[in-house]
Asker: 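Before I ask anything, let me first share the structure, which is written out below as structure tokens.
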Amino acid sequence: MTSRHPVVIIGAGPAGIAAARTLADAGLRPVLIDEGRFPGGQIFRKPQPELTRAPSTLYGFDAGRAKSFRADVADLLPAIDYRSETTVWSAEPGSLHLVNHGRTFSQPWSRLIIATGGMDRIVPMKGWTAPGIYSLGGAQIALKAEASLIGRRVVFSGTGPLLYLVAYQYAKAGACVPAVLETARPFDDLRLLPGLAGDVPLLARGLYYIAWLRAHGTRVLSGVVPLEARHGKDGRVSGLAFRHGDRDQILACDGLAIGHGLKAETQVADLLGAEFSFNAAQRQWLPRADRDGRSSLSNVYLAGDGLSVRGSLVAAASGRLAAAALLQDAGLNAPRSSDRDRRFVAGSARFRDALDRAFPLPSEIAQALPEETVVCRCEGLTAGDIRRTVARSGEADINRIKAFCRLGMGRCQGRICGPAAAELIASAARIDISAVGRLRGQAPVKPVPLKDLAEAAR
Ligand SMILES: Cc1cc2nc3c(=O)[nH]c(=O)nc-3n(C[C@H](O)[C@H](O)[C@H](O)COP(=O)(O)OP(=O)(O)OC[C@H]3O[C@@H](n4cnc5c(N)ncnc54)[C@H](O)[C@@H]3O)c2cc1C
């Protein structure tokens with residue numbers, strides 16, 4: 001490596017840590033940046049130090065992996081330049097813009113591995129912005145990091161494996177979980193079974209969570225249409241109205257967790273100008289990469305859920321592959337494990353595809369949202385506002401709609417409302433979802449106090 005600038009990795013989850021380990025083993029000292037307080041990413045999120053929940057309670061079946069991950073991280077940290085609680089809020093070729101505890105600064109890079117993971121995908125419903133309603137990931141973070149529950153009686157509504165996992169974790173932690181309401185009908189399509197059987201241990205875990213929940217009194221229903229999150233006089237969530245079959249029902253609760261699968265966090269790759277393509281199974285735009293994670297940009301590599309949501313084991317393998325590709329491109333010795341990792345990643349594709357199809361984004365629910373349902377909560381835009389903007393402007397590109405009505409222009413920059421808004425635009429304009437395009441990434445990719453930016457500009 002001839003550049004005076006370091007190799008930088010964004011993200012200290014399974015993908016970023018595996019990449020850092022591979023680079024450190026090759027004699028490099030990468031800079032590893034993560035906004036979290038501790039390494040671990042989503043799956044191995046660590047509790048605050050004063051909390052003492054046992055790993056088996058925190059991570060369940062993944063407790064053994066969490067333990068070896070921690071041991072590996074402890075061994076790795078002296079060999080790398082790790083920057084915790086540091087957020088990348090903007091990026092340009094050769095430089096990242098960071099903020100850490102109110103201090104803003106730049107980090108030059110010679111080569112960059114983006115391992116920024118994924119986040120919840122949400123289909124809104126009427127009343128979903130009331131206090132007491134969390135994304136599934138948010139509910140899990142409250143439990144893992146803070147040892148807190150979002151309520152005593154918590155309903156889980158949405159789709160995907162995380163729905164059952166978090167419901168199970170809540171019930172094990174002492175919450176009353178009256179129901180898990182799944183929008184999909186997972187086993188309607190028998191053609192998915194061979195694909196799902198491609199990862200028997202994971203499939204078995206999912207079935208175990210469902211059986212355990214049922215055995216402990218939780219109703220587990222599929223094919224549900226959530227109608228409205230009800231709230232009490234204090235404004236907090238008090239129940240969920242939903243349709244199951246042809247019957248409308250209301251379940252009382254004081255906490256509601258919603259989530260419809262995960263989406264890749266792709267803003268940094270987007271700011272740098274990487275090429276994207278539409279993934280029909282995941283119903284989202286993903287940055288393009290070759291089989292080892294080389295993006296369309298030279299010296300920029302992608303790994304983990306930030307490239308495509310495929311779970312923590314594939315994330316780690318793709319982290320190693322991206323680092324090996326980087327070493328090879330830099331003319332350094334790459335590890336020999338790449339063939340094994342490539343086989344593992346390729347072998348998991350059928351299972352992930354079946355999972356994506358078994359738990360699809362409920363696009364028909366998003367497209368049929370009632371007029372008054374808030375979709376973009378930062379800007380207070382309803383489904384009706386978005387449909388009217390499409391009708392009046394005659395436009396169907398999501399960035400044009402944004403220009404007309406400020407969709408996705410608030411704090412979240414469309415990270416939360418983007419998927420549902422795209423579905424609404426597609427149905428209002430009667431076009432395929434892929435023709436709506438994607439909200440272009442804009443800095444700051446995560447909320448940054450203006451005072452921090454102003455101080456940097458002085
Ligand atoms: C909310 C949530 C909860 C999950 N819980 C589980 C679970 O319990 N069990 C399970 O098997 N799978 C879980 N998953 C899926 C699992 O996290 C992933 O498959 C796996 O962890 C992906 O690893 P990764 O390294 O690609 O990303 P992650 O583990 O998500 O790590 C990405 C890291 O990048 C950092 N980052 C992102 N953007 C920035 C930025 N701009 N600046 C600085 N740092 C940044 C994040 O802080 C994070 O630490 C969860 C996913 C989500 C989104």
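Read the numbers this way: they start at 1 and go in the same order the structure lists the ligands and their atoms. Along the sequence shown, residues are numbered consecutively beginning with 1.
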Asker: With only distance considered, is R310 within less than 3.5 Å of ligand 1 through an N or O on each side?
Answerer: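 Between R310 and ligand 1, no N or O pair is found under 3.5 Å apart.
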Asker: Between R352 and D356 (salt bridge meaning N to carboxylate O under 4.0 Å), is one present in this structure?
Answerer: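 No, this pair does not count.
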Asker: Nearest to atom 53 (C) of ligand 1, what protein heavy atom do you find, and at what distance?
Answerer: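 Result: G118 O, 3.4 Å.
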Asker: Quick one: does A12 get an N or O within less than 3.5 Å of an N or O on ligand 1?
Answerer: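 Looking only at distances, the answer is no, because the N/O contact criterion of under 3.5 Å is not met.
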Asker: For atom 13 (C) of ligand 1, tell me which residue out of I43, L143, T86, V314 has the closest non-hydrogen atom.
Answerer: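 Result: the heavy atom closest to atom 13 (C) of ligand 1 is in I43.
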Asker: Ignoring hydrogens, just give me the one of L98, T116, D305 whose non-hydrogen atom is nearest atom 18 (C) of ligand 1.
Answerer: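 It is D305 whose heavy atom sits nearest to atom 18 (C) of ligand 1.
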Asker: With only distance considered, is A15 within less than 3.5 Å of ligand 1 through an N or O on each side?
Answerer: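 Yes, at least one N or O pair falls under 3.5 Å.
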Asker: Given R83, K446, E265, which has its nearest heavy atom closest to atom 38 (N) of ligand 1?
Answerer: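 Among R83, K446, E265, the closest heavy atom to atom 38 (N) of ligand 1 comes from K446.
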Asker: Are E265 and K446 ion-paired here, with the side-chain N under 4.0 Å from a carboxylate O?
Answerer: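 Judged by the 4.0 Å cut-off on N to carboxylate O distance, E265 and K446 do form a salt bridge.
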Asker: Less than 3.5 Å between some nitrogen or oxygen of S312 and one of ligand 1, yes or no?
Answerer: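 Right, the criterion is met.
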Asker: Of the choices L307, I10, L165, which has the non-hydrogen atom that lies closest to atom 9 (N) of ligand 1?
Answerer: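 Heavy atom nearest to atom 9 (N) of ligand 1 belongs to L165.
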Asker: Please write down residue, atom name and distance for the protein heavy atom closest to atom 44 (N) of ligand 1.
Answerer: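 Nearest neighbour among protein heavy atoms for atom 44 (N) of ligand 1, to 0.1 Å: E35 N, 3.1 Å.
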Asker: Any nitrogen or oxygen of D120, main chain or side chain, under 3.5 Å from a nitrogen or oxygen of ligand 1?
Answerer: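 Checking ligand 1 against D120, no N or O pair falls under 3.5 Å apart.
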Asker: Examine ligand 1 and decide if any of its atoms is less than 4.0 Å from a heavy atom belonging to Q267.
Answerer: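 Flag not set, Q267 not near ligand 1.
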Asker: According to the salt bridge (Lys or Arg N to Asp or Glu O under 4.0 Å) rule, which pairs have a member within residues 320-330, sequence neighbours left out?
Answerer: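 Applying salt bridge (Lys or Arg N to Asp or Glu O under 4.0 Å) to every pair that reaches into residues 320-330, excluding sequence neighbours, yields R294-D329, R320-D341.
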Asker: Please confirm whether Y209 and Y168 have ring centers closer than 6.0 angstrom.
Answerer: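 Between Y168 and Y209, which both carry aromatic rings, the centre distance is below 6.0 Å.
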Asker: Tell me, with the steps shown, if R83 and Q107 meet side-chain hydrogen bond (donor to acceptor under 3.5 Å, both in side chains).
Answerer: CA-CA 11 Å; R83 317 262 182 86; Q107 171 63 57; 3.0 Å; yes
Asker: Please write down residue, atom name and distance for the protein heavy atom closest to atom 3 (C) of ligand 1.
Answerer: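 Ranked first by proximity to atom 3 (C) of ligand 1 is Q140 OE1, 3.2 Å.
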Asker: Quick check on N333: does its CG atom have over 12 non-hydrogen neighbours (other residues, nucleotides or ligands) under 6.0 Å away?
Answerer: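 It does not: N333 CG has 12 such atoms or fewer within range.
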Asker: Should the ring pair W89 and H97 be called parallel, tilted or perpendicular, given that the plane angle runs from 0 to 90° and is split at 30 and 60?
Answerer: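 Aromatic pair W89/H97 classed tilted.
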Asker: Looking at non-hydrogen atoms alone, which of I9, D62, L262 comes nearest to atom 51 (C) of ligand 1?
Answerer: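 Result: the heavy atom closest to atom 51 (C) of ligand 1 is in L262.
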Asker: Give yes if a backbone or side-chain nitrogen or oxygen of V88 is under 3.5 Å from a nitrogen or oxygen of ligand 1, and no if not.
Answerer: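 Indeed, backbone or side chain, V88 has an N or O that close.
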Asker: Could you check atom 29 (O) of ligand 1 against the protein and tell me its nearest heavy-atom contact, residue, atom and distance included?
Answerer: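 Protein heavy atom at minimum distance: Q42 N, 3.0 Å.
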Asker: Between D254 (side chain only) and G151 (backbone N and O only), is there a donor and an acceptor less than 3.5 Å apart?
Answerer: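 No; zero donor-acceptor contacts below 3.5 Å.
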Asker: Which is it for A115 and ligand 1 at heavy atoms under 4.0 Å: side chain, backbone, both or neither?
Answerer: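 It is the backbone that touches ligand 1; the side chain stays farther off.
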Asker: Does T87, backbone or side chain, put an N or O under 3.5 Å from an N or O of ligand 1?
Answerer: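 Between T87 and ligand 1, no N or O pair is found under 3.5 Å apart.
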Asker: Does the distance from a Lys or Arg side-chain N to an Asp or Glu carboxylate O, for D339 and R342, drop under 4.0 Å?
Answerer: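 Looking at D339 and R342, the cut-off is met.
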Asker: Check S222, P360, P362 against T183 for a side chain to side chain contact (heavy atoms under 4.5 Å, CB included) and give me the one that passes.
Answerer: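 Exactly one pass, corresponding to P362.
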Asker: Does the side chain of T266 pick up a donor-acceptor pair with the side chain of R438 at under 3.5 Å?
Answerer: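 No, no side-chain donor-acceptor pair sits under 3.5 Å.
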